[in-house]
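Down below is the structure, laid out as structure tokens.
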Amino acid sequence: MQLYNTLTRQKEDFKQISDPVRMYVCGPTTYDEPHLGHGLSTVIFELLQSYMEYRGINVKRVQNFTDVDDKIIDRAAEMGIDWFDLTQEHINSFLEAMDGLNVQPADVHPRVTEEIDPIIELIGKLVDSGAAYEAGGSVYFRVRRDEDYGKLSGRTADRMDELARLEPDLLKENPEDFALWKAWKPGEPAWESPWGPGRPGWHIECSAMARRYLGDQIDIHGGGLDLVFPHHENEVAQSESATGVVPFARFWVHNGLLRMAGDEKMSKSLGNFVTVRDALKSHTPDAIRLWIFQSHYRSPATYDAENLIAAERAVRRLRQAANAVNTGEDSGDRYDAEHIKQRFVVAMDDDLNTPRALATIFDLAREIFTAQSDGSNIADGQAMLRELVGVLGMTLDEPRHGGEAGDGKIDELIAERQNARQKRDFETADGIRDQLMSMGIEISDTTQGTTWRRT
RNA sequence: GGCGACGUAGCCAAGCGGCCUAAGGCGGGGGUUUGCAAAACCUCUAUUCGGCGGUUCGAAUCCGCCCGUCGCCUCCA
């Protein structure tokens, strides 16, 4: 299997350095509802795990929650609520949203506030070795002392210095140094440390958590493309300086960012996001996943409700093929779908080429229908369809309907129409159909009877 | 200004030197089925890959220039 590695800027053969494969994925800062960009990223890395497992490779996936930082503190103050309650609420909403997308939880979901000791220990190592220094109760990382700083993002300290966007800070030796530990300020949460009360900086948590749950060296580190700099660059610097193990992560895998119509990036700070919760109100998790997988994970995707609707229709086709009546059950001709699986694996082995993998699945659906009309036994093909779609985390479950208020009335009308049809009173029957249509109910007559769904 | 990504049918989107007169999905045309519909199924739907040059026996795929869009450059999945 080949994977694109941001560190080397090319596709490389994936060779695991540990069993299970150790994968760390950057999770959200929990001050707001998770949006589709978070969903996309999480789905992608879950897919990486699930595909590897399909290929017989065990994977341990860790995804963190950043539950203390400036944004959280500011937002809580704005809302007049306790920062911890805010963060707890959004950890819950993240887990719920991902569950709604049928994402399997990571093996471990550590949160920063429960990892303070390992973080302090790691900072201590950096201070002891001279890679970091204390100043005014804060601790900073000496970027200029780290010789290969910038190797992930292609940025050097020199070039950063030329730019004036760096906040002047009298405490820092150099403007490009970044905080490992932030000294306490009134009104902020704080923990005791050798450098006085304070809280972790943004980047150190991931280095500490990856180390604690996966070890000094990991196979894969993932996250959104927007994290390459400074977050991941700084993680590399911290981890490698602290442990001496190089590289910290063998593969750096980054997903492309989601944009909104107008081609602007979907982000919390721009306020132009669609939450996962809202998306799930009008789309099935299968359709959302299909929509994500229809473009390659490293390309930018643009959110467009029309495309989600198109994906919904496409899912319907797969569902239809999976549930097609096997009229050739007793036939000696069995449709064999092995060749599809081979194409699927070739596509996925090529840096998770999900668009191509999906194309093979749609080909499989067509072949199932063809075999069905030829009277062949399609059981194996349908099993294969469910198997491959399962790797992509899709269930092909029928969209939920029924069980809601008004169902009795609908069933009544359908029965009434059935009666009229039997008497060949099509005028009455069509009238009832129109009535249901105006209620937002679409019906279809099949050999098994009449079914309905909300439009 | 620096670094990087991208521009393929009405829309989404693979392909990255010959199998491409370009996969797959949505939409649209035609057909099968149906009391009529809907749904479903079958089938057709880019001689062409932002523009102009170049390299090559051969280019959507490599190189150069131009046009357009986006990301990162210490908030971000």
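In what follows, chains are A, B, ... by sequence order, proteins preceding strands, each numbered from 1.
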Can you figure out which of C12(B), C72(B), A37(B) approaches the side chain of Arg433(A) most closely?
A37(B)
Can you pull out every salt bridge (charged side-chain N to carboxylate O under 4.0 Å, His left out) where at least one residue sits in residues 344-364 of chain A? Sequence neighbours excluded, please.
Lys11(A)-Asp350(A), Arg55(A)-Asp349(A), Arg298(A)-Asp351(A), Arg343(A)-Asp363(A), Asp350(A)-Arg356(A), Asp363(A)-Arg366(A)
When the C1' atoms of C73(B) and G28(B) are considered, how many whole Å apart are they?
45 Å
Hits for side-chain contact (heavy atoms from CB on, under 4.5 Å) against Gln382(A), two or more places apart or cross-chain, chain-then-number order -> Ala324(A), Asn326(A), Ile368(A), Ile378(A)
Output the rounded distance in Å from CZ (Phe426(A)) to P (U34(B)).
13 Å
Would you mind classifying the nucleic acid contact of Gly37(A) as base, sugar-phosphate or nothing, using non-hydrogen atoms under 4.0 angstrom?
base
Once side-chain contact (heavy atoms from CB on, under 4.5 Å) is applied, do any residues pair with Gln422(A), and if so which ones, sequence neighbours excluded?
Asn419(A)
How is Ala359(A) classified with respect to the nucleic acid when contacts are heavy atoms under 4.0 Å: base, sugar-phosphate, or nothing?
base
Length of the line joining Asp304(A):CG and G27(B):P, which is rounded to integer Å
14 Å
Write down the protein N/O and nucleotide N/O pairs, taken from nucleotides 14-16 of chain B, whose separation is under 3.5 Å; answer none if there are no such pairs.
{"from": "A14(B)", "atom 1": "OP1", "to": "His296(A)", "atom 2": "N", "distance (Å)": "2.7"}
{"from": "A14(B)", "atom 1": "OP1", "to": "Ser299(A)", "atom 2": "OG", "distance (Å)": "3.4"}
{"from": "A14(B)", "atom 1": "O3'", "to": "Asn353(A)", "atom 2": "ND2", "distance (Å)": "3.2"}
{"from": "G15(B)", "atom 1": "OP1", "to": "Asn353(A)", "atom 2": "ND2", "distance (Å)": "2.9"}

Base, sugar-phosphate or nothing for Leu225(A)? Non-hydrogen atoms, less than 4.0 Å.
nothing
Value in whole Å for how far the P atom of C73(B) lies from CG of Asn234(A):
12 Å
CZ/Arg277(A): more than 12 non-hydrogen atoms of other groups inside 6.0 Å:
no
Between C16(B) and A22(B), how far apart are the two C1' atoms, rounded to whole Å?
12 Å
Separation of Leu152(A) atom CG from U74(B) atom P, in whole Å?
16 Å
No-H, no-angle donor-acceptor pair, Asp363(A) side chain to G24(B) base, under 3.5 Å:
no
On the side chain of Asp445(A), is there an atom forming a donor-acceptor pair with the base of C36(B) - under 3.5 Å, no angle test?
yes
May I have the distance from Leu101(A) (atom CG) to A77(B) (atom P), rounded to whole angstrom?
16 Å
Is any side-chain nitrogen or oxygen of Lys265(A) closer than 4.0 Å to OP1 or OP2 of A77(B)?
no
Is there side-chain contact between Ile410(A) and Met439(A), with heavy atoms separated by less than 4.5 Å?
yes
By salt bridge (Lys or Arg N to Asp or Glu O under 4.0 Å) - contacts of Lys151(A) (at least two apart):
Asp148(A), Glu240(A)
Touch check for Gly27(A), heavy atoms < 4.0 angstrom, all strands: base, sugar-phosphate only, or nothing?
sugar-phosphate
Face-to-face stacking of Phe362(A) with G24(B), centres under 5.5 angstrom, angle under 30°
no
Name the closest nucleotide to the Glu176(A) side chain, picking from C73(B), U74(B), G24(B).
U74(B)
Atom-to-atom span, CG of Leu258(A) to P of A77(B) - whole angstrom:
13 Å
List the residues meeting salt bridge (Lys or Arg N to Asp or Glu O under 4.0 Å) with Arg433(A), not counting sequence neighbours, and say none if there are none.
Asp430(A)
Taking only the side-chain heavy atoms of Arg313(A) (C-beta and beyond), determine which of G27(B), C73(B), C36(B) contains the nearest atom.
G27(B)
Check: protein-nucleotides 41-43 of chain B nitrogen or oxygen pairs below 3.5 Å:
{"from": "C41(B)", "atom 1": "OP1", "to": "Arg317(A)", "atom 2": "NH1", "distance (Å)": "3.2"}
{"from": "C42(B)", "atom 1": "OP2", "to": "Arg317(A)", "atom 2": "NH1", "distance (Å)": "3.4"}

Tell me which of Thr360(A) and Pro28(A) sits closer to the 5' end of RNA chain B, going by the nucleotide each one is nearest to.
Thr360(A)
For U8(B) versus G51(B), give the span between their C1' atoms, rounded off to a whole number of Å.
15 Å
Any chance the rings of His109(A) and Phe65(A) have centres within less than 6.0 Å?
yes
Distance, C1' atom - from A39(B) to A46(B), rounded to whole angstrom:
30 Å
Looking only at atom P, what distance separates A37(B) and U32(B), rounded to whole Å?
12 Å
Distance check needed: C70(B) P versus Asp226(A) CG, whole Å only.
17 Å
If the C1' atom of G64(B) is compared with that of C12(B), how far apart are they to the nearest Å?
32 Å
Determine the interatomic distance between P on C66(B) and the same-named atom on G27(B); round to the nearest Å.
42 Å
Just to be sure I understand: a Watson-Crick pair is purine N1 to pyrimidine N3 plus N6-O4 or O6-N4, both under 3.5 Å. Using that and G-U wobbles, which stems of three or more pairs involve RNA chain B?
B:1-7 with B:67-73, B:10-12 with B:24-26, B:27-32 with B:40-45, B:50-54 with B:62-66
Evaluate side-chain contact (heavy atoms from CB on, under 4.5 Å) for Trp252(A) paired with Asn5(A), printing each intermediate quantity in order.
CA-CA 5 Å; Trp252(A) 284 88; Asn5(A) 189 353; 3.9 Å; yes
For Thr30(A) and Thr87(A), run side-chain hydrogen bond (donor to acceptor under 3.5 Å, both in side chains): C-alpha distance rounded to whole Å, both residues' side-chain angles, the deciding distance at 0.1 Å, then the answer.
CA-CA 5 Å; Thr30(A) 49; Thr87(A) 220; 2.7 Å; yes
Quick one: list whatever passes ring-ring contact (aromatic ring centres under 6.0 Å, His included) with Phe293(A), sequence neighbours left out.
none
When you measure from the side chain of Ser444(A), which nucleotide among A77(B), G35(B), A38(B) comes out closest?
A38(B)
Using a heavy-atom cut-off of 4.0 Å across all strands, would you classify Ile443(A) as base, sugar-phosphate, or nothing?
base
Under 4.0 Å, counting only non-hydrogen atoms across every strand here, what does Asn307(A) touch: a base, just sugar-phosphate, or nothing?
sugar-phosphate
Closer to the 5' end of RNA chain B via nearest nucleotide, is it Val228(A) or Ala310(A)?
Ala310(A)
Contacts of type side chain to side chain donor-acceptor pair (under 3.5 Å), residue Thr360(A), not counting sequence neighbours
none
Specify the separation, in whole Å, of atom OH of Tyr303(A) and atom C1' of A77(B).
17 Å
Quick check: are there more than 12 heavy atoms from other residues, nucleotides or ligands sitting under 6.0 Å from CD of Glu427(A)?
no
List for me each residue that meets side chain to side chain donor-acceptor pair (under 3.5 Å) alongside Glu134(A), sequence neighbours excluded, and say none if there are none.
none
Results of side-chain contact (heavy atoms from CB on, under 4.5 Å) for Asn307(A) - residues two or more places apart only
Trp291(A), Asp304(A)
Nucleotide nearest Arg259(A) (side chain, heavy atoms from C-beta), chosen from U74(B), G4(B), C70(B)
C70(B)
